[in-house]
Peer 1: 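Handing you this structure, nothing more for now.
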Amino acid sequence: MSSALLFTSPPPPTPSINRSTLSFAAVTNFPPSPDKLALLLDKSSSIHHLLQIHAALLRHGLHQHPILNFKLQRSYSSRGRLDYSLALFNRTLNPNIFFYTSIINAHALHGHSQEALFIYTQMLFEGVQPNEFTFSSILKSCSLEHGKMLHSQVIKLGFDSDLYVKTGLVDVYARGGDVGSARLVFERMPEKSLVSLTTMLTCYAKHGELKEARLLFDGMVKKDVVCWNVMIDGYTQHGMPKEALVLFRRMLAAKARPNEITILTVLSACGQLGALESGRWLHSYMQNNDIQVSVRVATALIDMYSKCGSLEDARLVFDRIYYKDVVAWNSMIIGYALHGFSQDALELFHDMCRIGLRPTDITFIGVLGACGHAGLVKEGWSFFNAMREEYEIEPKIEHYGCMVNLLGRAGQLEEAYELVKNMKVEPDPILWGALLGACRLHGNLELGEKIAEYLVSHNLANSGTYILLSNMYAAKGDWEEVARIRTLMKDSGVQKEPGCSSIEVHNRVHEFLAGNLKHPKSKEIYEMLEEMNGWLKAHGYIPRTEIVLHDVGDEQKEQSLEVHSEKLALAYGLISTQPGTPIKIVKNLRVCSDCHAATKLISKITGRKIVMRDRNRFHHFVNGSCSCGDYW
């Protein structure tokens with residue numbers, strides 16, 4: 001990995017600029033020329049010089065000159081001094097529509113929608129009629145409610161056919177989540193610019209209507225990098241990272257040059273998939289194409305490498321960032337926690353505090369997660385209490401979730417239950433699900449029933465609720481209750497999330513469901529499964545049939561275990577990669593104890609390192625042992 005593109009040294013100083021032409025003397029020569037002052041306003045690059053010009057205008061009685069006054073207001077707002085701009089506007093005698101539109105636009109661009117609306121109302125009260133530029137300006141930041149009111153005025157004043165105004169209306173409805181109204185306005189546009197097409201594309205992508213988004217995207221004759229980014233991000237944000245990577249490759253084939261936003265989005269997709277090869281290729285692409293690695297991109301690289309199972313690469317990137325902000329530290333701490341390297345995570349936390357960086361709420365999610373993976377109950381309570389007492393951070397539901405997970409896995413179910421009941425925020429189904437999972441882990445059917453009953457009665461139950469409760473009854477051999485829960489689940493229209501495992505080989509991600517026969521190499525995969533079963537039996541392995549929670553015989557239970565999705569992915573990895581190379585697998589659910597035990601033994605038999613990421617954490621299987629220490 002080249003270090004040239006990372007911040008290994010401070011950035012070079014900004015070269016000085018000769019601004020002698022903008023000196024105070026240059027604007028105070030008598031008599032001053034309005035044309036010269038207007039030119040100086042256009043060229044001014046700092047507040048200091050604007051103040052000099054402003055002083056000259058006041059000194060020579062030109063502060064009410066319409067062009068100079070207008071340019072000065074606009075210059076102040078464009079350099080972040082909206083207060084100066086507004087003060088000038090309020091002192092302007094009889095401002096016309098151009099002054100009003102400019103100040104409204106400045107407030108809208110700075111996100112001050114209420115102030116923009118107030119000025120707009122003031123304008124109407126003064127009898128100044130809005131034009132199309134006024135509407136396109138005020139629509140940039142207004143809420144859906146106010147956007148609807150403005151829409152009626154647009155129609156009333158006859159601006160509903162203007163391209164910019166209609167694009168602004170599409171954006172208002174899109175931001176407000178009213179996809180139907182956005183679509184209606186868009187479809188009624190007589191002509192569509194690249195901006196309006198991108199606005200509608202963003203609306204579809206943001207709200208998960210990816211089929212409509214893709215149809216619109218594919219129909220666009222001209223696509224800039226923003227269009228590509230919107231579509232790729234839509235896939236990434238809505239759980240379709242594989243499609244995001246395919247589209248990114250198509251983007252490169254179309255000779256479109258990715259920017260930082262593209263890189264961040266694609267790195268996120270790689271992380272979701274656990275596609276290490278694709279992530280490394282993208283990192284190499286950045287180096288070969290002189291794409292600057294900012295701290296933001298470096299942090300995304302740390303996140304990607306961590307999620308793809310390569311902590312070594314993540315740490316290498318982290319160490320080469322010269323100016324590390326708290327976000328970069330958080331990303332590395334969470335990476336260690338995700339892999340179960342709890343002591344490394346906690347040491348990094350203390351290093352961060354020692355150099356004077358103040359931890360954030362995200363930092364404590366990583367730290368508490370690290371405690372949870374190692375069963376560090378005492379340390380977890382200490383960090384949790386320090387959030388309020390030492391750092392004045394109010395715990396959020398995510399922090400309570402970490403504590404419930406920590407206490408639940410450690411068998412302190414009553415303490416976890418009391419914590420949930422006494423929370424200052426309303427617990428969500430995910431939090432209850434974590435506690436219910438702990439009840440199943442430790443066989444506490446009584447508390448599990450109580451929690452499940454609460455979730456069902458408050459319409460908070462999801463598929464996980466029913467599955468966990470059903471599994472608890474099955475573990476006790478109460479098949480009547482299992483049948484009742486499954487019937488209740490069916491009647492409620494809740495479907496079980498199928499287990500899915502994926503593996504990346506030669507830059508392609510292959511996905512497997514339990515018992516899958518659709519893969520082109522199914523014959524070879526099942527032959528390898530048979531070979532794997534032979535290895536396991538030869539080493540005295542006994543399948544853990546007690547975890548198959550169905551009322552069937554032991555032989556059928558063994559057959560069910562043999563075709564779990566992670567075993568299919570592992571078999572494919574063994575037949576598709578060179579002996580001795582690591583195998584990396586990603587599973588969407590928690591790895592079952594039988595697959596966990598079998599994978600440990602296979603790592604010893606084959607001499608392979610097998611890295612598996614399940615829903616909760618990473619497992620590094622090496623020579624018959626797992627990094628989790630069988631605590632997961």
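Excluded from the calculations below are hydrogen atoms, water molecules and symmetry mates; all remaining heavy atoms, backbone and side chain alike, are included.
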Peer 1: With sequence neighbours excluded, tell me which residues meet side chain to side chain contact (heavy atoms under 4.5 Å, CB included) with Thr265.
Peer 2: Ile232, Asp233, Thr236, Ile261
Peer 1: Can you tell me if His54 and Tyr84 form a side-chain donor-acceptor pair at under 3.5 Å?
Peer 2: no
Peer 1: Show your working on ring pair (Phe, Tyr, Trp, His ring centres under 6.0 Å) between Trp228 and Phe248 and close with a plain yes or no.
Peer 2: CA-CA 8 Å; Trp228 288 98; Phe248 174 65; 9.4 Å; no
Peer 1: Using side-chain contact (heavy atoms from CB on, under 4.5 Å), reason through Asn259 and Asn229 one step at a time and then give a plain yes or no.
Peer 2: CA-CA 9 Å; Asn259 59 16; Asn229 288 349; 3.1 Å; yes
Peer 1: Answer whether the closest heavy-atom distance between the side chains of Asp614 and Arg617 falls below 4.5 Å.
Peer 2: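 The answer is yes; the side chains approach within 4.5 Å.
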Peer 1: Check for a donor-acceptor pair, side chain of Thr199 on one end and backbone N or O of Val195 on the other, with a separation under 3.5 Å.
Peer 2: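 The answer is yes, because a donor-acceptor pair under 3.5 Å joins these two groups.
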Peer 1: Counting only heavy atoms from other residues, nucleotides and ligands, does the tally under 6.0 Å from CD of Glu394 exceed 12?
Peer 2: yes
Peer 1: Check the angle between the aromatic planes of Phe384 and Trp381 and answer parallel, tilted or perpendicular using the 30° and 60° thresholds.
Peer 2: perpendicular
Peer 1: Let me see the working for His399 and Asp361 under side-chain hydrogen bond (donor to acceptor under 3.5 Å, both in side chains), right down to the final yes or no.
Peer 2: CA-CA 8 Å; His399 303 103; Asp361 59 328; 5.2 Å; no
Peer 1: Could I get the full list of salt bridge (Lys or Arg N to Asp or Glu O under 4.0 Å) partners for Glu426, not counting sequence neighbours?
Peer 2: none
Peer 1: For Cys142, does its backbone N or O pair with a side-chain atom of Arg175 as donor and acceptor, under 3.5 Å?
Peer 2: yes
Peer 1: Check step by step if side-chain hydrogen bond (donor to acceptor under 3.5 Å, both in side chains) holds for Ser278 and Glu504.
Peer 2: CA-CA 9 Å; Ser278 297; Glu504 184 188 28; 2.8 Å; yes
Peer 1: So, His238 side chain and Gly234 main chain: donor-acceptor pair closer than 3.5 Å or not?
Peer 2: yes
Peer 1: Can you confirm if the aromatic rings of Trp329 and Phe349 lie within a centre distance of less than 6.0 Å?
Peer 2: no
Peer 1: Atom CZ of residue position Arg296 - does it have more than 12 heavy atoms of other residues, nucleotides or ligands inside 6.0 Å?
Peer 2: no
Peer 1: Might you confirm whether atom NZ of Lys396 has over 12 heavy atoms from other residues, nucleotides or ligands at distances under 6.0 Å?
Peer 2: no
Peer 1: Looking just at side-chain N and O atoms, do Ser306 and Asp303 make a donor-acceptor pair shorter than 3.5 Å?
Peer 2: no
Peer 1: Taking NZ in Lys421 as the centre, count heavy atoms belonging to other residues, nucleotides or ligands within less than 6.0 Å. Is the count above 12?
Peer 2: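 Atom NZ in Lys421 is packed in, count exceeds 12.
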Peer 1: Are Asp313 and Arg315 close enough for a salt bridge, meaning some N to O gap below 4.0 Å?
Peer 2: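 No, this pair does not count.
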Peer 1: What is the distance from atom CD1 of Ile430 to atom CG of Leu436, rounded to the nearest 0.5 Å?
Peer 2: 13.5 Å
Peer 1: For the side chain of Thr363 and the backbone of Thr360, is there at least one donor-acceptor N/O pair under 3.5 Å apart?
Peer 2: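 Here the side-chain-to-backbone pair exists.
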Peer 1: Kindly determine whether His112 and Leu86 satisfy side-chain contact (heavy atoms from CB on, under 4.5 Å), including the steps that lead there.
Peer 2: CA-CA 12 Å; His112 302 312; Leu86 184 59; over 6 Å; no
Peer 1: Is there a donor-acceptor pair under 3.5 Å between the side chain of Arg615 and the backbone N or O of Asn588?
Peer 2: yes
Peer 1: Name all residues meeting the side chain to side chain contact (heavy atoms under 4.5 Å, CB included) criterion together with His48; count only those two or more places apart in sequence or in a different chain, and write none if there are none.
Peer 2: Ser46, Gln52
Peer 1: Under a plain distance cut-off of 3.5 Å, with no hydrogens placed, do Glu260 and Ser294 share a side-chain donor-acceptor pair?
Peer 2: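 On atom types as modelled, these side chains qualify, holding a pair under 3.5 Å.
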